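Notes follow the structure.
The chains referred to below are lettered A, B, ... by the order of the sequence lines, with proteins before strands, and numbering in each begins at 1. Remember, predicted model here, so these are calculated numbers, not experimental data.
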There are 2 protein chains.
Amino acid sequence: MLTIGKLGEAAGVKVPTIRYYEQIGLLPEAERSSGNQRLYGRKAMERLAFIRHARDLGFTLEAIRDLLSLSDKPDQSCAAADAIAKAQLAEVESRLARLTALKSELERMVVQCAGGKIADCRVIEVLGDHSLCATDHRHPETEATQ
Amino acid sequence: MLTIGKLGEAAGVKVPTIRYYEQIGLLPEAERSSGNQRLYGRKAMERLAFIRHARDLGFTLEAIRDLLSLSDKPDQSCAAADAIAKAQLAEVESRLARLTALKSELERMVVQCAGGKIADCRVIEVLGDHSLCATDHRHPETEATQ
DNA sequence: CCTAATGTCTCTAGCAACTATAGCTTCAAG
DNA sequence: CTTGAAGCTATAGTTGCTAGAGACATTAGG
């Protein structure tokens, strides 16, 4: 049985994060030692590794919750799991497309900066006037962050 | 003079977001009508467009704050603005690299899902076992998992 | 066996960057 | 003059953690 610190180290997840996952019900309540410290076995370890890997792939905690509840029902069709993964793939592809456009605009901005005064700075100018920008970000509902 | 709703529509920014920007000092306090409603002129419109465009490019509000204060000093060197833009470009490039890796792993997961039962589902399996995954995310030092 | 240094406990609050709700007041159209 | 949309303030919620305070548990060294 591992204490929370060892588990975190093994899974690459910080201790407060593990407690947070328990709090929101992603991990079951851990067993406790006589001194009230959390103890984890192999099952908890695997579940945490699953969560972390899915987080690394950008799945939201909600999606992970769904995937975990699916993985508890091995006899059902995996269509739902497939759908979640496909949605995630679509999300990643759209972010990728947006980021690629962003990158080229930023590159143009940076290259054009001749190192003079602010008044002549292309960075400021391009940001101030959307029409100087080739790319169209008219209604991006998706976040650029994360 | 525009009301907040018109301004928001013109700039593609939601009304509560404009009030939020004012609250955190990104926009100056707006003039008010006799009935206490905010009124905006061309200068506010340009400033909001600048913010919006920079947000679209993924700049944080802090970076935008810096860029705005730079743009108010047209005689200074634009090295600082250039540095902010370069940092943003580096950030975008690193996200891009990560997302590209993510995309290929998700694609593999989805393609391999044969549409059977959860017990055989590659999506669940790959998520549960990091060693099934070629790409190495986020914790290269802790991941001797093999 | 005692002590000091970690590790763990709970609880609360904070971060970005908004978004939503409630309960008002003001404004423009008919 | 009335009605409905749009505005106002203030507060709280969102996601996925992270940081801090103050108290208890465990462990390594002397």
Subject >> dG7(D) phosphate, OP1 or OP2, under 4.0 Å from T3(B) side-chain N/O >> reply: yes
Original post:
Considering residues at least two apart in sequence or located in another chain, which fulfil the side-chain contact (heavy atoms from CB on, under 4.5 Å) criterion with Y20(A)?
Top reply: I24(A), L61(A)
Original post:
If we fit an axis to the first five pairs and another to the last five of the helix from dC1(C)-dG30(D) to dG30(C)-dC1(D), what angle do they make, to the nearest 10°?
Top reply: 0°
Pairs: protein N or O with nucleotides 20-30 of chain C N or O, under 3.5 Å:
| unit_1 | atom_1 | unit_2 | atom_2 | d |
| --- | --- | --- | --- | --- |
| dC27(C) | OP1 | G35(B) | N | 3.3 |

Original post:
Should E62(B) and R65(B) count as an ion pair when the cut-off is N to O under 4.0 Å?
Top reply: yes
**OP:** Rounded off to whole Å, could you give me the CD1-to-P distance for the I24(B) and dC15(C) pair?
**Re:** 12 Å
Original post:
What is the distance, rounded to the nearest whole Å, between atom CG of D56(B) and atom P of dA17(C)?
Top reply: 14 Å
**OP:** Return the set of residues passing side-chain hydrogen bond (donor to acceptor under 3.5 Å, both in side chains) with E93(A) (not counting sequence neighbours), or none when no residue passes.
**Re:** none
Original post:
Looking only at atom types and distance, does a side-chain atom of R52(A) sit under 3.5 Å from a main-chain N or O of A11(A), one as donor and one as acceptor?
Top reply: yes
Subject >> Phosphate OP1/OP2 of dC18(C): any R55(B) side-chain N/O under 4.0 Å >> reply: yes
Subject >> Most 5' of L61(A) and G5(B) on DNA chain D, judged by nearest nucleotide >> reply: G5(B)
**OP:** Locate the shortest heavy-atom distance separating I51(A) from Y21(A); write the atom from each residue and the value.
**Re:** CG2-CE1, 3.6 Å
Original post:
For the pair made of CD1 in I51(A) and C1' in dC17(D), what is the distance, rounded to whole Å?
Top reply: 14 Å
Subject >> Set of residues satisfying side-chain contact (heavy atoms from CB on, under 4.5 Å) with respect to A63(B), sequence neighbours excluded >> reply: F59(B), T60(B), I84(B)
Subject >> Side-chain N,O (R19(B)) to OP1/OP2 (dT9(D)) below 4.0 Å >> reply: no
Original post:
Do any side-chain nitrogens or oxygens of Y21(B) fall under 4.0 Å of OP1 or OP2 in dC18(C)?
Top reply: yes
**OP:** Any pair with a residue in residues 23-34 of chain B that passes side-chain hydrogen bond (donor to acceptor under 3.5 Å, both in side chains), sequence neighbours left out, goes on the list, sorted by first then second residue, please.
**Re:** R32(B)-N36(B)
**OP:** With sequence neighbours excluded, tell me which residues meet salt bridge (Lys or Arg N to Asp or Glu O under 4.0 Å) with R19(B).
**Re:** none
**OP:** Using the test side-chain hydrogen bond (donor to acceptor under 3.5 Å, both in side chains), find all partners of E22(B) that sit at least two apart in sequence or belong to another chain.
**Re:** R38(B)
**OP:** Among residues two or more places apart or on two chains, list those pairs meeting salt bridge (charged side-chain N to carboxylate O under 4.0 Å, His left out) that have a residue in residues 3-12 of chain B.
**Re:** none
Original post:
Nearest-Å distance, CD (E9(A)) to C1' (dG7(C))?
Top reply: 12 Å
Original post:
What is the distance from OH of Y20(B) to C1' of dA16(C), rounded to the nearest Å?
Top reply: 6 Å
Subject >> N or O in side chain of R38(A) less than 4.0 angstrom from dT10(C) OP1/OP2 >> reply: yes
Original post:
In whole angstroms, how far is the C1' atom of dG16(D) from the CD1 atom of I18(A)?
Top reply: 15 Å
**OP:** Using atom CD of Q23(B) as one end and atom C1' of dA16(C) as the other, report the distance to the nearest whole Å.
**Re:** 13 Å
**OP:** May I ask you to evaluate whether R32(A) reaches the phosphate of dC24(D), defined as a side-chain N or O under 4.0 Å from OP1 or OP2?
**Re:** no
Original post:
For the pair made of CZ in R65(B) and C1' in dA17(C), what is the distance, rounded to whole Å?
Top reply: 12 Å
